[in-house]
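The structure appears below as structure tokens.
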Amino acid sequence: MHLYRTHNCGEISATDENSQVKISGWVHRKRDHGSLVFVDLRDHFGLTQCVIDTSDSAFSIVESLRNESVVTITGIVKKRSDDTINKNLATGEIEVAIADIIVQSAADTLPLQVNSDEDAGEETRLRYRYLDLRRSRPHQNIVLRGQIIQSIRNRMIELGFTEFQTPILTASSPEGARDFLVPARLHPGKFYALPQAPQQFKQLVMMSGFDKYFQIAPCFRDEDSRADRSPGEFYQLDLEMSFVEQADVFAAVEPVIKGVFEEFSERKIDPDFVHISYADSMLKYGNDKPDLRIPIEIGDVTDVFAGSDFSIFAKNIEKGAVVRAIPGPKCGSRAIADRMNSWAQSEGAPGLGYIIFGEDEARGPVAKALGQEKSNEIKTRLNLENGDAVFFACAAMDDAASLAGRARIRIGTEQKLIDETLFKFCWIVDFPMFEKDEQTGKIEFSHNPFSMPQGGMDALDTQDPLDIKAWQYDLVCNGIELSSGAIRNHLPDVMYRAFDIAGYGPEVVDEKFPAMIGAFKFGAPPHGGIAPGIDRMVMLIAEEPNIREIILFPMNGKAEDLMMSAPSLVDDKQLNELHIRKAIIQPKTPQ
RNA sequence: GGGGGUGUAGCUCAGUUGGUUAGAGCGCUGGCCUGUCACGCCAGAGGCCGCGGGUUCGAGUCCCGUCACUCCCGCCA
């Protein structure tokens, strides 16, 4: 007989009746009846009830076991009597009568309860992640993640993509996120960087003559975390294709994403991946990652307020402000309007104007100043009905759009307008190629310096840089940015010119991007791609609100691994080898 | 870097207008119990109320500071 097991804890059934089995696992729970003890033994596969009474010599061992101890049990499979069958358990028709038990590893008193559905605090869960992961939901989430990645891999290979591995130690690149740096022992004073994404590598794969690239790629960015953004590292389904236009990339990616969501989620999936221009999205939804489950569209009503008797807005408009109107379906009550107003103030806005549409008139201070006629014009333009309200954000364009967007989400959430059983995808297209830094006034790449400008060289030469759009797109699902991609530039002249507009001379391009610019000069295929975030996909499918729930060993919000105690101090010897000396500025705690 | 929330037993949490000895469930220790499956019953141990300062006759509770965790803004081409 095998040293540890003949069966796992999820597979013994009534057909095994009277046979001798050996199973190993963790003591999930004990029910001690004095002269009779039940032990639920758990492993990765399931739960099996084992039973022993005082007539057996192993009884005292079983009685003294603490939860989560690891044991090996040998015994005979017994069919349970009809009145003791547990229908909630796959193995509920049988139990194992314990003949022998070996304690493989005894457990101390636990810092968190594995057999409970109740979450412990984050800090405890992360420090003892190996215990947390024994619990059903975290365990299932990680299994799901593995299955999703396998499905993605199969689908990509099916579509003719080849999987590549790109370097983890590479060169730091300007722009973008903060790099993680790795000192180069053999080159004093020089550093490798961990890749923020395999962006240049995947383009170079295309220039190396491979046609379709993909990778489940680790990406490293030294930026602060969020609920949907893990600190430090995350994974992308990175892909790139040669000789394609935007529509070809969409056509390749849509079925993969749709297929994976359909395969692993019970939720409905809207099959229509609508295309929304960046400009439209900013106007109608107030951001570039709209949650289309919220049935509210923002409108511009600057012209209605311009020169009106509502002087606060009218004066701001003269100074260049715009007014965005956010419909509030069935929000026509003073209480809701006041609540929205104080919410806006808590968000740092001066307030949120509103009009309430009653049975026969438009009410509220704004309506009073604006007059019934103009109020009704807004009502008509935004398709509002009696009992609805409309809220106003008046500010400089970007600020007004942002506040209106947040108000739209607030209304959608508060009024329970979001269908939680639905996934709604959309493509955001036509991103601007450049944008102006508000502080410095400098023109910068708005997304990715390697994107192809719409109109190519001609656009760069003839258009206002801020008017130029790029073949740049995002895939958004339920208000979460899943993916970013672009048709890339493959022409050296366009690269030099684009960087020139952003204030970088040709020498900068040659020095910082020698591989790219070099490859462009030796025959580069037109190409494009995209990189959906694996973690966010799993998060959506697992219906978890926090990205840590679907990461095996996540770091906390301050980018610390509490389980491994990373980051940590290192020996001076290590530092010396790396030609590194610490120069800590104002240490918070003396070390 | 900035703002909000939280911090009480090993874990999850309650704790009134400031008032005597800070509670519950789970877990832990001991006892009873032969058909439970979140077993039940009895008893017990376990607390720098995050930390420091202040107000007060008296602080878990009020004030100031600080630390930790968390959410958000900034940041994330």
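Reckoned from all heavy atoms, side chains included, excluding hydrogens, waters and symmetry mates. Order of the sequence lines fixes the chain letters, A, B, ..., with proteins taken first and strands second; residue numbering starts at 1 for each chain.
Evaluation of the ring pair (Phe, Tyr, Trp, His ring centres under 6.0 Å) rule for F391(A) yields no partner, not counting sequence neighbours. In this structure E543(A) satisfies the side-chain hydrogen bond (donor to acceptor under 3.5 Å, both in side chains) test together with R267(A), sequence neighbours excluded.
Sorted by first and then second residue, the pairs that involve residues 398-412 of chain A and meet salt bridge (charged side-chain N to carboxylate O under 4.0 Å, His left out), not counting sequence neighbours, are E347(A)-R406(A), R410(A)-E414(A). Evaluation of the ring pair (Phe, Tyr, Trp, His ring centres under 6.0 Å) test over residues 28-48 of chain A, restricted to residues two or more places apart or in two chains, returns H33(A)-F38(A), H44(A)-H139(A). Sequence neighbours left out, not one pair with a member in residues 221-240 of chain A passes ring pair (Phe, Tyr, Trp, His ring centres under 6.0 Å). Applying the salt bridge (charged side-chain N to carboxylate O under 4.0 Å, His left out) test to every pair with at least one member in residues 472-499 of chain A, sequence neighbours left out, gives these pairs: E240(A)-R488(A), D461(A)-R497(A), R497(A)-D500(A). The list of salt bridge (charged side-chain N to carboxylate O under 4.0 Å, His left out) pairs with a residue in residues 440-449 of chain A, not counting sequence neighbours, is empty. Within the structure, salt bridge (charged side-chain N to carboxylate O under 4.0 Å, His left out) pairs that include any residue of residues 44-64 of chain A do not occur (at least two apart or interchain).
For R221(A), counting side-chain heavy atoms from C-beta on, the closest listed nucleotide (rC76(B), rC33(B), rA68(B)) is rC76(B). With rU29(B), rC69(B), rC37(B) as the candidates, the nucleotide lying closest to the side chain of R80(A) is rC37(B).
In this structure, E68(A) reaches neither bases nor backbone, as no heavy-atom distance under 4.0 Å exists between it and the strands shown. Within the 4.0 angstrom heavy-atom criterion, only backbone atoms of the sugar-phosphate kind lie near S446(A); the bases stay farther away. Within the nucleic acid shown, Q199(A) comes within 4.0 Å of at least one base atom, counting heavy atoms only. Contacts of N546(A) with the nucleic acid, taken as non-hydrogen atoms under 4.0 Å apart, involve only primed sugar atoms and P, OP1 or OP2. Across all strands shown, N556(A) has heavy atoms under 4.0 Å from sugar-phosphate atoms exclusively, and none from any base.
Nucleotide rC39(B) holds its C1' atom 14 Å from the NE2 atom of H28(A), rounded to whole Å. Distance CZ (R135(A)) to C1' (rU12(B)): 11 Å, rounded to an integer number of Å. Atom P of nucleotide rC76(B) and atom CZ of F180(A) are separated by 15 Å, given to the nearest angstrom. The nearest whole Å value for the distance from the CG atom in D32(A) to the C1' atom in rA38(B) is 16 Å. If you take CG of L131(A) and P of rG27(B), they are 16 Å apart, rounded to a whole angstrom. Between K30(A) atom NZ and rA38(B) atom C1' there is a gap of 16 Å when expressed in whole angstrom units. Whole-Å rounding puts the R178(A) CZ to rG74(B) P distance at 15 Å. Protein atom CG of D83(A) is 17 Å distant from nucleotide atom P of rU34(B), rounded to whole Å.
Nucleotides rG50(B) and rG7(B) have their P atoms positioned 8 Å apart, rounded to a whole Å. Between rG53(B) and rG10(B), the two C1' atoms lie 30 Å apart (nearest whole Å). Going from the P atom of rA45(B) to that of rU29(B) covers 16 Å, rounded to whole Å. For the P atom pair drawn from rG47(B) and rA24(B), the interatomic distance equals 15 Å after rounding to whole Å. Going from the C1' atom of rG46(B) to that of rA22(B) covers 14 Å, rounded to whole Å. Across the P atoms, rA68(B) and rC57(B) are found 35 Å apart, a figure rounded to whole Å. To the nearest whole angstrom, the two C1' atoms, one in rC33(B) and one in rA43(B), are 15 Å apart. When the C1' atom is used for both rA9(B) and rG60(B), the distance is 14 Å, rounded to whole Å.
For the pair E93(A) and R80(A), the salt-bridge criterion is not met [side-chain N within less than 4.0 Å of a carboxylate O]. Salt-bridge annotation for D291(A) and R293(A): present, with a side-chain N of the basic residue lying under 4.0 Å from a carboxylate O of the acidic one. Salt bridge annotation for R135(A)-D119(A): present, with a cationic side-chain nitrogen under 4.0 angstrom from a carboxylate oxygen.
As the counterpart of rU34(B), no nucleotide is assigned, since no Watson-Crick or G-U wobble pattern has both distances under 3.5 Å. rG1(B) is paired with rC73(B) under the Watson-Crick or G-U wobble criterion, all donor-acceptor distances under 3.5 Å. If you check rA24(B) for Watson-Crick or wobble pairing at under 3.5 angstrom, you find it paired to rU12(B). Within the shown strands, nothing qualifies as a pairing partner of rG60(B) under the Watson-Crick or G-U definition with both distances less than 3.5 Å.
Each of S81(A) and M555(A) was assigned the nucleotide of RNA chain B with the nearest heavy atom; the assignment lying further toward the 5' end belongs to S81(A). Where R66(A) and E63(A) each meet RNA chain B at their nearest nucleotide, the meeting point lying more 5' is that of R66(A).
The stretch residues 222-231 of chain A touches RNA chain B through E223(A), D224(A), R226(A), A227(A), R229(A), each having a heavy atom within less than 4.0 Å of the strand. RNA chain B is contacted by F38(A), Q49(A), D53(A) of residues 37-54 of chain A, taking any non-hydrogen atom closer than 4.0 Å.
Phosphate contact (OP1/OP2 of rC71(B), side-chain N/O of R548(A), threshold under 4.0 Å): present. Taking side-chain N and O atoms only, N86(A) has no distance below 4.0 Å to OP1 or OP2 of rG35(B). One finds no side-chain N or O of T84(A) lying less than 4.0 angstrom from the OP1 or OP2 phosphate oxygen of rG35(B). Taking side-chain N and O atoms only, R31(A) has a distance below 4.0 Å to OP1 or OP2 of rC39(B). Side-chain N/O atoms of R29(A) include one lying less than 4.0 angstrom from OP1 or OP2 on rC39(B).
Ring geometry for F499(A) versus F450(A): interplanar angle of 30 to 60°, hence tilted.
Contact between E549(A) and E122(A) at its shortest, heavy atoms only, is OE2-OE2, 4.5 Å.
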Less than 3.5 Å apart, which donor and acceptor atoms pair up between the side chains of residues 550-563 of chain A and the rest of the protein, not counting sequence neighbours?
{"from": "N556(A)", "atom 1": "OD1", "to": "K558(A)", "atom 2": "N", "distance (Å)": "3.0"}
{"from": "N556(A)", "atom 1": "OD1", "to": "A559(A)", "atom 2": "N", "distance (Å)": "3.3"}
{"from": "N556(A)", "atom 1": "OD1", "to": "E560(A)", "atom 2": "N", "distance (Å)": "2.9"}
{"from": "N556(A)", "atom 1": "ND2", "to": "E560(A)", "atom 2": "OE1", "distance (Å)": "3.0"}
{"from": "D561(A)", "atom 1": "OD1", "to": "M563(A)", "atom 2": "N", "distance (Å)": "2.9"}
{"from": "D561(A)", "atom 1": "OD1", "to": "M564(A)", "atom 2": "N", "distance (Å)": "3.0"}

Report task. Produce a footprint string for nucleotides 4-11 of chain B: one letter per nucleotide, 5' end first; B if the base is under 4.0 Å from any protein heavy atom, S if only the sugar-phosphate is, - if neither. Result -> ------BS
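Looking only at atom types and distance, the side chain of Q200(A) has no donor-acceptor partner in the side chain of S173(A) under 3.5 Å away.
A stacking contact between H33(A) and rU36(B) is absent: the pair does not combine a ring-centre distance of less than 5.5 Å to the base's six-membered ring with planes differing by less than 30°.
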